[in-house]
Amino acid sequence: MNTYPPEWETSQGQPPEHELPPEAPARWQPPPPEPPRPVRRGGDGLSRLALGISAAALIVAGAALLLTLWPEKEPAPAPAPPEPPVTFQFGGQTLTPLEGMPLNPYDRSAFVVDSRGRVLYEKDGKTAKTGVDVSTYQGEVDWQAVAADGIDFAILRLGYRGYTEGGLFMDESFSRNLQGALDAGLEVGVYFFSQAITPEEAEAEAAYILNAIDGYTVTYPIAFDWEPIAPGSNARTEGLDRETLTRCAAAFCRKVEEAGYRPAVYFNQTLGYLRYDLRELTDYDLWLAEYDSKPDFYYHFDLWQYSHTGQVAGIEGNVDLDLDLR
């Protein structure tokens with residue numbers, strides 16, 4: 001069925017040409033095409049990428065500036081090398097100090113030698129006392145003359161133990177020397193030449209001394225004088241070990257102290273460094289034999305026998321000279 005309106009009917013069967021307004025072009029043309037839009041090539045993504053790159057560049061630049069301005073961290077110091085151990089020399093040997101043993105406290109510059117060859121020590125207004133130690137080898141002693149020659153005290157050999165059989169013997173001059181020194185007003189101590197090989201023998205030596213001085217005023221130390229005998233002499237003490245020797249000295253001193261007297265241990269540098277453990281004897285006076293004008297002994301001591309060739313009025317020949325540094 002034909003649905004076109006009647007006026008569209010023509011002989012050719014085509015709709016009539018559409019009439020346009022007068023101002024329009026004579027012939028109808030389709031409207032001009034819209035101008036082409038710019039092709040979008042992911043512009044928003046590129047912007048975000050550029051922004052990210054800029055931010056990263058700022059961060060890197062800031063970090064570089066911060067590193068430039070930040071003070072350099074000093075490298076950690078290298079660990080200090082360990083300190084070498086403290087040592088000292090004696091007789092060509094390198095020795096390590098005994099831990100806990102008091103050291104020599106004396107001012108070397110305060111030791112002086114007078115015109116008679118005697119060593120004097122004065123420190124902080126205190127002057128060390130000068131003494132002698134004698135035995136029967138000094139012969140007859142004029143103790144009044146000794147006291148008048150500037151001697152303050154005397155330490156007398158009371159006796160000795162035999163080094164082969166181990167018997168106990170009195171010094172032949174002890175009684176005479178004891179009475180003479182006391183009468184001259186000297187302070188008196190005694191020593192015993194020990195050859196003890198057990199603490200029990202050392203205690204027996206102390207008991208022997210205490211019995212001999214009973215009733216006398218002995219105010220200076222009672223000394224344990226153990227000395228080695230030359231090898232090959234058939235000495236009963238040969239090979240005595242350090243621990244046993246130290247125990248002998250301590251046993252002697254305890255026995256003397258219990259009786260109310262002042263004990264001491266006599267030794268030279270070799271005995272002090274190599275034979276005794278002096279840490280076990282610091283409760284008692286230590287009497288050092290070192291022949292010099294200034295003592296070099298590393299550890300503490302109280303009495304110092306500084307010469308065996310001293311000259312004192314009233315004593316013929318050489319005599320040991322001592323200082324009391326207590």
Side-chain angles (χ1 to χ4, degrees), residues 86-98 100-135 138 145-157 181 185-191 219-221 223-225 227 262-276 278-279 281-315 317-326:
V86 175
T87 59
F88 62 94
Q89 299 293 316
F90 172 71
Q93 299 185 56
T94 299
L95 303 179
T96 301
L98 294 171
M101 179 63 195
L103 304 183
N104 182 332
Y106 304 113
D107 181 357
R108 287 177 58 83
S109 66
F111 290 96
V112 297
V113 180
D114 68 10
S115 59
R116 296 178 294 179
R118 296 181 187 173
V119 177
L120 308 176
Y121 184 80
E122 183 175 354
K123 182 70 175 178
D124 300 328
K126 182 180 179 180
T127 302
K129 293 179 179 180
T130 296
V132 294
D133 60 270
V134 304
S135 69
Q138 273 67 51
V146 170
D149 197 20
I151 300 302
D152 303 305
F153 65 91
I155 303 179
L156 315 174
R157 187 175 79 158
L186 298 179
E187 294 191 78
V188 174
V190 301
Y191 72 93
T219 57
Y220 255 59
F224 179 79
D225 172 20
E227 299 181 29
R262 187 163 190 163
V265 179
Y266 171 89
F267 56 89
N268 62 11
Q269 293 183 84
T270 300
L271 286 169
Y273 288 138
L274 306 179
R275 299 300 299 273
Y276 280 120
L278 293 180
R279 294 172 297 184
L281 303 173
T282 54
D283 288 341
Y284 316 115
D285 287 341
L286 300 179
W287 182 10
L288 169 69
E290 179 187 344
Y291 302 145
D292 207 338
S293 60
K294 300 177 188 294
D296 289 326
F297 191 64
Y298 194 80
Y299 302 118
H300 174 82
F301 55 94
D302 303 282
L303 300 166
W304 177 33
Q305 184 188 82
Y306 66 86
S307 175
H308 64 297
T309 58
Q311 300 295 308
V312 175
I315 299 177
N318 295 331
V319 67
D320 296 338
L321 290 173
D322 304 270
L323 284 181
D324 179 0
L325 298 165
R326 296 174 298 176

Peer 1: On a heavy-atom basis, which atom in Pro221 and which in Leu303 lie closest, and how many Å separate them?
Peer 2: CG-CD1, 4.0 Å
Peer 1: Just checking, any donor-acceptor pair under 3.5 angstrom between side chains of Asn268 and Glu290?
Peer 2: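 Judged by distance alone, the side chains do not pair up.
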Peer 1: Looking only at heavy atoms, what is the nearest atom pair of Ala128 and Leu325, with distance?
Peer 2: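 Distance-wise, the nearest heavy atoms are CB-CD2, 3.8 Å.
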Peer 1: Say you draw a straight line from CZ of Arg108 to CG of Asp296; how long is it, rounded to the nearest 0.5 Å?
Peer 2: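 So the gap between those two atoms works out to 4.5 Å.
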Peer 1: Side chain to side chain contact (heavy atoms under 4.5 Å, CB included), that's the test. Do Tyr306 and Lys294 meet it? Break it down for me.
Peer 2: CA-CA 8 Å; Tyr306 66 86; Lys294 300 177 188 294; over 6 Å; no
Peer 1: Decide side chain to side chain contact (heavy atoms under 4.5 Å, CB included) for Val265 and Leu278; before the verdict, give the C-alpha distance in whole Å, the side-chain angles of both, and the deciding distance to 0.1 Å.
Peer 2: CA-CA 10 Å; Val265 179; Leu278 293 180; 5.9 Å; no
Peer 1: Does Asn104 reach the main-chain N or O of Phe297 with its side chain, forming a donor-acceptor pair under 3.5 Å?
Peer 2: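 Checking the backbone N and O of Phe297 against the side chain of Asn104, a donor-acceptor pair under 3.5 Å is found.
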Peer 1: If every non-hydrogen atom of Leu323 is compared with every non-hydrogen atom of Phe153, which pair is closest and at what distance?
Peer 2: C-CZ, 4.3 Å
Peer 1: State which residues pass ring-ring contact (aromatic ring centres under 6.0 Å, His included) with Tyr121; sequence neighbours excluded, sorted by chain then number.
Peer 2: Tyr106, Phe111
Peer 1: Any chance you could measure Thr130, atom OG1, to Leu321, atom CG, to the nearest 0.5 Å?
Peer 2: 8.0 Å
Peer 1: Could you tell me if Arg157 sits above the aromatic ring of Tyr266, with its cationic atom closer than 6.0 Å to the ring centre and no more than 45 degrees from the axis?
Peer 2: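 No - Arg157 does not lie over the ring of Tyr266 by the 6.0 Å and 45° rule.
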Peer 1: Report yes if some heavy atom in the side chain of Val319 is under 4.5 Å from a heavy atom in the side chain of Val134; otherwise report no.
Peer 2: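 Heavy-atom side-chain distance check passes, below 4.5 Å.
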Peer 1: To the nearest 0.5 Å, how far apart are CG in Leu286 and CZ in Arg326?
Peer 2: 11.5 Å
Peer 1: If you take all heavy atoms of Leu186 and Ala154, which pair is closest and at what distance?
Peer 2: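 Of all heavy-atom pairs spanning Leu186 and Ala154, the closest is CD1-CB, 4.3 Å.
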Peer 1: Are Phe301 and Tyr299 near enough that their ring centres are under 6.0 Å apart?
Peer 2: no
Peer 1: Could you point out which residue of Thr219, Ile155, Asp152 forms a side chain to side chain contact (heavy atoms under 4.5 Å, CB included) with Glu187?
Peer 2: Thr219
Peer 1: Which atom names give the shortest non-hydrogen contact between Tyr276 and Leu281, and what distance separates them?
Peer 2: CD2-CD1, 3.9 Å
Peer 1: How long is the span from the NZ atom in Lys129 to the CG atom in Asp322, to the nearest 0.5 Å?
Peer 2: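 Going from NZ on Lys129 over to CG on Asp322, the span is 13.5 Å.
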Peer 1: I'd like to know whether Asp133 forms a side-chain hydrogen bond (donor to acceptor under 3.5 Å, both in side chains) with Trp287, so could you lay out the CA-CA distance, the side-chain angles of the two residues, the decisive distance to 0.1 Å, and finally the verdict.
Peer 2: CA-CA 12 Å; Asp133 60 270; Trp287 182 10; 5.2 Å; no
Peer 1: Do you know which two heavy atoms are closest between Trp304 and Asp292, and how far apart they sit?
Peer 2: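 Scanning both residues completely, I find the closest heavy atoms to be CZ2-O, 3.3 Å.
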Peer 1: Quick check for you: to the nearest 0.5 Å, what is the distance between Asp124 atom CG and Asp107 atom CG?
Peer 2: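 If I round to the nearest 0.5 Å, the distance is 8.5 Å.
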Peer 1: Which value, rounded to the nearest 0.5 Å, describes the distance between Thr87 atom OG1 and Tyr298 atom OH?
Peer 2: 8.0 Å
Peer 1: Between Asp149 and Arg118, does the side chain to side chain contact (heavy atoms under 4.5 Å, CB included) criterion hold? Intermediate values first, please.
Peer 2: CA-CA 12 Å; Asp149 197 20; Arg118 296 181 187 173; 2.6 Å; yes
